[in-house]
Amino acid sequence: MYSQARYKNFIQRIAVVSYQRLTQLFPSIFGICIFLISWHFLSLRPDTSLPSPLAVINNTWDLIKDPFFYKGGNNKGFFWLILASLKRVVVGYLLATLIGIPIGFIISLNSFCRKAIDPLIQLLRPVAPLAWLPLAQAVFLKPNPSAIFVICITAIWPIILNTALGVKLVPKDYRNVSKLLGLSPLENFYKILLPATLPYIFTGLRIAIGLSWLAVVAAEMLLSDDGIGFFIVDAYNNANIHEMILAIVYLGAVGLLLDKIMAYISEKVTPQE
């Protein structure tokens, strides 16, 4: 009898947890279903070449079922295309992080540097990634460094601005505690300033990873012979809209995954209230 009661309680707990998760997922599932239904009806219009969701799946099934194939040259699966793009993103993003965070601290802690650097930030920040491509190509003369530069210059602005904002909003009580304890500038940075600024830094890093993923696609469309951006251009040149749509779906999925990874890291690293 006791084991039966435990079994019933176990089943009830699973049912409750399953119901709660289904309730949480239902709005997302509902939204996706509405989007797919709307897409299907748009594809039925006589004056459009937009394929239906089922048509996209049917015509790209070989790419979907085997993303790891590699037959040489540009004949490769989506895994290798996305991997090539991610390599560029990682390098450009890390460069933006290593440069942007120190600049954010510097312009917040030194008024002379702020007055010197702020006009440059305001001048360069609105420039679109595509506008940097010709200059990058002229400077570096090779596609891969040019793409990395475009990623870096696109991602660096939210990192700088959010870091600077975090330093600016450090409570005065924290600064008073630092003075009271007689902390050195280095101790003040690691024990007071950096922990208080981390949530803002990670907000900038999270925004920057999304911009990096956007920038790499734009750069690969014009500068590269590899990566998912190049695949989209190649599919467009061959009038293969089914493969274009599949690539866009993969783009969104990878972008969502990168955002979730940054959100998870931020939650684990930043101090909790």
Side-chain angles (χ1 to χ4, degrees), residues 22 24-89 126-134 143 147 150-151 154-155 206-263:
L22 183 61
Q24 294 173 349
L25 290 175
F26 178 76
S28 299
I29 295 173
F30 178 77
I32 292 173
C33 289
I34 293 297
F35 171 76
L36 293 175
I37 292 170
S38 302
W39 175 4
H40 175 74
F41 280 108
L42 286 173
S43 69
L44 297 178
R45 295 169 53 198
D47 58 342
T48 183
S49 59
L50 177 69
S52 67
L54 287 177
V56 171
I57 294 173
N58 290 332
N59 285 277
T60 60
W61 182 245
D62 289 339
L63 291 172
I64 295 172
K65 71 178 182 180
D66 186 13
F68 299 99
F69 78 87
Y70 187 89
K71 298 180 180 179
N74 295 322
N75 191 5
K76 61 185 72 173
F78 269 99
F79 172 81
W80 305 108
L81 296 170
I82 292 172
L83 182 62
S85 298
L86 284 175
K87 288 179 179 178
R88 296 185 177 100
V89 167
V127 178
L130 287 174
W132 290 106
L133 290 175
V150 171
I151 294 166
T154 303
R206 189 174 176 182
I207 296 171
I209 194 66
L211 293 177
S212 298
W213 189 238
L214 291 174
V216 73
V217 174
E220 288 174 347
M221 283 182 173
L222 298 180
L223 298 178
S224 182
D225 58 356
D226 193 12
I228 196 165
F230 170 78
F231 179 88
I232 292 175
V233 170
D234 189 55
Y236 172 77
N237 291 334
N238 292 301
N240 195 332
I241 194 171
H242 302 92
E243 292 185 356
M244 285 176 58
I245 292 174
L246 179 62
I248 290 170
V249 172
Y250 276 113
L251 276 174
V254 174
L256 177 63
L257 180 61
L258 291 174
D259 181 73
K260 295 298 183 183
I261 290 173
M262 284 305 305

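As the structure is a computational prediction, the values presented were derived from the model and not from experiment.
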Ile151 versus Ala215, closest heavy-atom pair with distance | CA-CB, 4.0 Å

For Phe68, which residues count as a ring-ring contact (aromatic ring centres under 6.0 Å, His included) partner, sequence neighbours excluded?
-> Phe79

Flag the pair Ser85 / Trp213 as yes when at least one side-chain heavy-atom distance between them is below 4.5 Å, and no otherwise.
-> yes

Beyond-backbone contact of Val233 with Leu222, side-chain heavy atoms, under 4.5 angstrom | no

How close do Ser43 and Thr48 get, heavy atom to heavy atom, and via which atoms?
-> O-CG2, 4.0 Å

Does the pair Phe78 and Thr60 meet the rule for a side chain to side chain contact (heavy atoms under 4.5 Å, CB included), with working shown?
-> CA-CA 11 Å; Phe78 269 99; Thr60 60; over 6 Å; no

Would you tabulate the side-chain donor-acceptor contacts of residues 31-40 under 3.5 Å, counting partners in other chains and residues two or more places apart, or write 'none'?
| from | atom 1 | to | atom 2 | distance (Å) |
| --- | --- | --- | --- | --- |
| Ser38 | OG | Ile34 | O | 2.8 |
| Trp39 | NE1 | Pro51 | O | 2.8 |

Could you list the donor-acceptor pairs under 3.5 angstrom formed by side chains in residues 242-255, with sequence neighbours left out?
| from | atom 1 | to | atom 2 | distance (Å) |
| --- | --- | --- | --- | --- |
| Glu243 | OE2 | Asn240 | ND2 | 3.3 |

Asp234 backbone acceptor or donor facing Asn238 side chain under 3.5 Å = yes

Is a donor on one side and an acceptor on the other found under 3.5 Å between the side chain of Asn58 and the backbone of Leu54?
-> yes

Distance from Ile228 atom CD1 to Met221 atom CE, nearest 0.5 Å?
-> 9.5 Å

Not counting sequence neighbours, which residues clear ring-ring contact (aromatic ring centres under 6.0 Å, His included) with Tyr236? List them please.
-> none

How many angstroms lie between CG in Asn237 and CD1 in Ile232, if you round to the nearest 0.5 Å?
-> 12.0 Å

Which atom pair, heavy atoms only, marks the closest approach of Leu133 to Val150?
-> CD2-CG2, 3.4 Å

With sequence neighbours left out, write down each residue that passes side chain to side chain contact (heavy atoms under 4.5 Å, CB included) with Ala84, or none if nothing qualifies.
-> Arg88, Asp226

Taking atom OH of Tyr70 and atom CG of Leu81, what is their separation to the nearest 0.5 Å?
-> 10.0 Å

For Asp259, the salt bridge (Lys or Arg N to Asp or Glu O under 4.0 Å) test, sequence neighbours excluded, returns Arg206

